[in-house]
Number of protein chains: 2
Amino acid sequence: MTTIRDVAKKAGVSVATVSRFLNSTGYVSQEAAEAVSAAVAELKYELNPVARSLNTKKSNLIGLILPDITNPFFPELARAVEDIALTYGYTVILCNSDEKPEKEKNYIETLKKKYIAGFIVTSNQSDAPHYANANLPIVALDRIINEKIPTISSNNKEGASLGTKALLDRGCKNILFLRGPEDLNPANDRYEGFMETIQQVDANYHVVSCPFHFADSQKIVEQMLRDHPEIDGIFASSDVSAAGALKAAALLGIAVPEKLQIVGFDGVALGEMLTPGLTTVAQDVYKMGAIATRVLIKRIENQEIDHQFYEVPVKLVLRGTTRSGIE
Amino acid sequence: MTTIRDVAKKAGVSVATVSRFLNSTGYVSQEAAEAVSAAVAELKYELNPVARSLNTKKSNLIGLILPDITNPFFPELARAVEDIALTYGYTVILCNSDEKPEKEKNYIETLKKKYIAGFIVTSNQSDAPHYANANLPIVALDRIINEKIPTISSNNKEGASLGTKALLDRGCKNILFLRGPEDLNPANDRYEGFMETIQQVDANYHVVSCPFHFADSQKIVEQMLRDHPEIDGIFASSDVSAAGALKAAALLGIAVPEKLQIVGFDGVALGEMLTPGLTTVAQDVYKMGAIATRVLIKRIENQEIDHQFYEVPVKLVLRGTTRSGIE
DNA sequence: CTGAAAGCGCTTACAG
DNA sequence: CTGAAAGCGCTTACAG
């Protein structure tokens, strides 16, 4: 392994000068710069990041803490984070928290010892002291942790409004809203968006809490559809729940979209594979991850960030679970 | 930050003794051990992994190189790797390669500088010198890289045989096999399993190459179904392709499973969400990831490993795209 | 069984 | 503008 000493020797300067040149910190004469540059090229020298970390107490590691990579929302997020991180020379460490504060805390502690540069976090711990006290650059994704931590999120409220209108515009008069878990910020924003929109018009509606889980959603919807045969539209707060709703309709022999129209939320790949294809409010998950990463890196590198709160637009994707014509 | 010096001072011994105690290497008297142990507890001392790495040229980082975490096969794999790694005190770095040797090579190089402990790799580069020459513990997943690298894989051939028989047993006489990409080991093993099984019986069959991609599969199947209306069974080498087939059937108005039965391969969550639910040959992806991680860690820690090749059993999951009774 | 000392490969005041 | 030297926090022969 060739070290900074070898370079210094070859270039006829001290290691201090080489270090200054490499980090573009402090003055280096033109002459010295050229000599060092040549030596680096000739020896194919590459700086040892571990040795550097030990000195600077910083690394180019980014921690990505999310509940569970297995949840279809997160792979694309992880992909975006990794892509952008790579661009800036950072490396990402994957941390599945299962939403457990213990696991989150644990990761923060062990990675701090590795001089991790910062964290991107998706968590429900609305008041999470381990983040607030981490004393490290952190960016929150999808869910606000506290006002000091920059947050990137979809425009959930507007999205919910869009989805609701899609159903109303297509003639639905009795809408079932599948509300997500009540301790989830985005789910609550969607709920608000639905409520504001539905209450402005003359339509009946039901709201039911429903986890973002396929089989559970299916059961809940099946029961609702049995008890309330007048329901002619379902707006689910997630695509997985919407898939459950679609399955329930199929089992009960209710024609979609003729008798019942369904709209989901998320825009995951699953949607197009269903039959009929799922109309949904699509989030730009990749973009969320990309922005989060850029903001985090700015924080790490002590650059100014534009906002404390970034809202990424959503868009309605029309497919087969809604009728084509607007009435 | 409390260092090994502080501990040594408090315990009244040298840092060398503390280090020996901490690493259980070399002799430490009972007396010294107790003093150090007490000092560690009192000071809440925790070893600095970066400083250690610089000396030992090892870390507890594991690199997970996979084509794309966005592909539904990989999240569960990543989850398993992370879970097991955590158990043994390792941390995992996520690397999306897009199957590009350049990116793979790049990751290997930059992570080697960080003294990465080893890699778990899923790659199609059947002859990948950058792995063979990495001079690091590596375990291959799903796809054999070379005979020196331990490999974990599903029993693809037997799985394909299972899937084929499922169709045959339920009366299919004209089977379409959607073969995966020809440069993919697992896809080829599945092809072999299909061929061996189908050729033992009196049945017609077609084989068509088909990427593991929803829309492409749908188109290919639609065409085949048009050209060969006698097809009464489809065996797809992946669930995503099977989903495409199911969609194609729906568009053509072919009743599944009455007129056409479909079997997939993978066992991803998508399968149960489709209507009808997808019968599939399920891989135990989590188990594959878990075994791969354990084998890698054994290699890293210089323990003997039992085999060079681990084959994880698959199982047939029967759902709605096949008929219930065996004829 | 133990400690002094060198070393891992860098960075960073500081003096010149 | 530059170099000698100390230091980051550990590990590891080596001598005793």
Side-chain angles (χ1 to χ4, degrees), chain A residues 1-37 39-40 43-61 89 109-117 301-302, chain B residues 1-37 39-40 43-61 89 109-117 301-302:
Chain A
M1 175 176 243
T2 119
T3 74
I4 198 173
R5 287 195 98 82
D6 304 324
V7 175
K9 195 180 293 176
K10 174 139 244 150
V13 298
S14 73
V15 296
T17 299
V18 177
S19 178
R20 270 186 232 110
F21 172 80
L22 259 22
N23 298 294
S24 8
T25 161
Y27 297 93
V28 176
S29 70
Q30 177 89 40
E31 197 182 5
E34 277 161 16
V36 173
S37 180
V40 166
L43 298 174
K44 297 200 161 93
Y45 169 72
E46 296 183 284
L47 201 147
N48 181 320
V50 177
R52 168 182 276 172
S53 276
L54 187 55
N55 277 280
T56 59
K57 301 194 181 306
K58 273 179 197 155
S59 72
N60 53 171
L61 258 26
E109 288 316 311
T110 73
L111 293 179
K112 271 181 101 165
K113 284 189 230 154
K114 293 195 198 300
Y115 299 131
I116 191 121
E301 298 180 350
N302 285 317
Chain B
M1 173 178 244
T2 117
T3 75
I4 198 172
R5 286 195 99 81
D6 304 323
V7 175
K9 194 181 294 176
K10 175 137 245 153
V13 298
S14 73
V15 296
T17 299
V18 176
S19 179
R20 270 186 231 111
F21 171 80
L22 259 22
N23 296 295
S24 6
T25 161
Y27 297 94
V28 176
S29 69
Q30 176 89 39
E31 198 181 5
E34 277 163 14
V36 172
S37 178
V40 165
L43 299 173
K44 296 200 163 92
Y45 169 73
E46 295 183 284
L47 201 146
N48 181 319
V50 177
R52 167 183 277 172
S53 276
L54 188 55
N55 276 279
T56 60
K57 300 190 183 308
K58 274 179 196 158
S59 73
N60 52 174
L61 258 27
E109 288 317 313
T110 72
L111 292 179
K112 270 179 103 165
K113 285 190 230 152
K114 291 194 198 300
Y115 300 131
I116 191 121
E301 300 181 349
N302 286 317

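Predicted model only: the values in this text are computed from it and were never measured. In the text below, chain A, chain B and the rest are named by the order of the sequence lines, each starting its count at 1.
In this structure, Val28(B) reaches the sugar-phosphate backbone alone: every heavy-atom distance under 4.0 Å involves primed, P, OP1 or OP2 atoms, never a base. In this structure, Val13(B) reaches the sugar-phosphate backbone alone: every heavy-atom distance under 4.0 Å involves primed, P, OP1 or OP2 atoms, never a base. The residue Ser19(A) sits close to a base: some heavy atom pair falls under 4.0 Å. Counting non-hydrogen atoms under 4.0 angstrom, Phe21(B) reaches nothing in the nucleic acid. Residue-level contact check: Ser29(B) touches the backbone only, with heavy atoms under 4.0 Å from sugar-phosphate atoms and none from bases.
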Please convert DNA chain C into dot-bracket. A pair counts if it is Watson-Crick or G-U wobble with both distances under 3.5 Å; crossing pairs go in [ ] and bases paired with another strand get |. |||.||||||||.|||

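Comparing Ile4(A) and Gln30(B) against DNA chain C, the residue whose closest nucleotide sits nearer the 5' end is Gln30(B). Sequence order on DNA chain C of the closest nucleotides to Tyr115(B) and Ala33(B) puts Ala33(B) first from the 5' end. Looking at which nucleotide of DNA chain D each of Arg20(A) and Leu47(B) is closest to, the 5′-most match is held by Arg20(A).
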Show, in sequence, the C-alpha distance, side-chain angles and deciding distance for Leu61(A) and Leu111(A), and conclude whether the side-chain contact (heavy atoms from CB on, under 4.5 Å) test is met. CA-CA 9 Å; Leu61(A) 258 26; Leu111(A) 293 179; 6.0 Å; no

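Judged by distance alone, with hydrogens and angles left aside, the side-chain atoms of Ser53(A) form a donor-acceptor pair with the main-chain N or O of Lys58(A) at under 3.5 Å. Here the side chain of Ser37(B) pairs no donor or acceptor atom with the backbone of Ala33(B) at under 3.5 angstrom.
Residues Val50(B) and Tyr115(B) fail the side-chain proximity criterion, which asks for heavy atoms closer than 4.5 Å. The side-chain heavy atoms of Val7(A) and Leu43(A), taken from C-beta on, include a pair separated by under 4.5 Å. Counting heavy atoms from C-beta on, the side chains of Val13(B) and Val36(B) come closer than 4.5 Å.
Smallest separation of non-hydrogen atoms from Ala117(A) and Ser59(A): CB-O, 3.3 Å. Between Ala39(B) and Lys10(B), the shortest heavy-atom contact is CB-CG, 3.7 Å.
Protein chain A touches strand DNA chain D; the 5'-most and 3'-most nucleotides with an atom under 4.0 angstrom of its non-hydrogen atoms are dC1(D) to dG9(D).
Remark: Lys112(A) engages no residue in a salt bridge (Lys or Arg N to Asp or Glu O under 4.0 Å) (not counting sequence neighbours).
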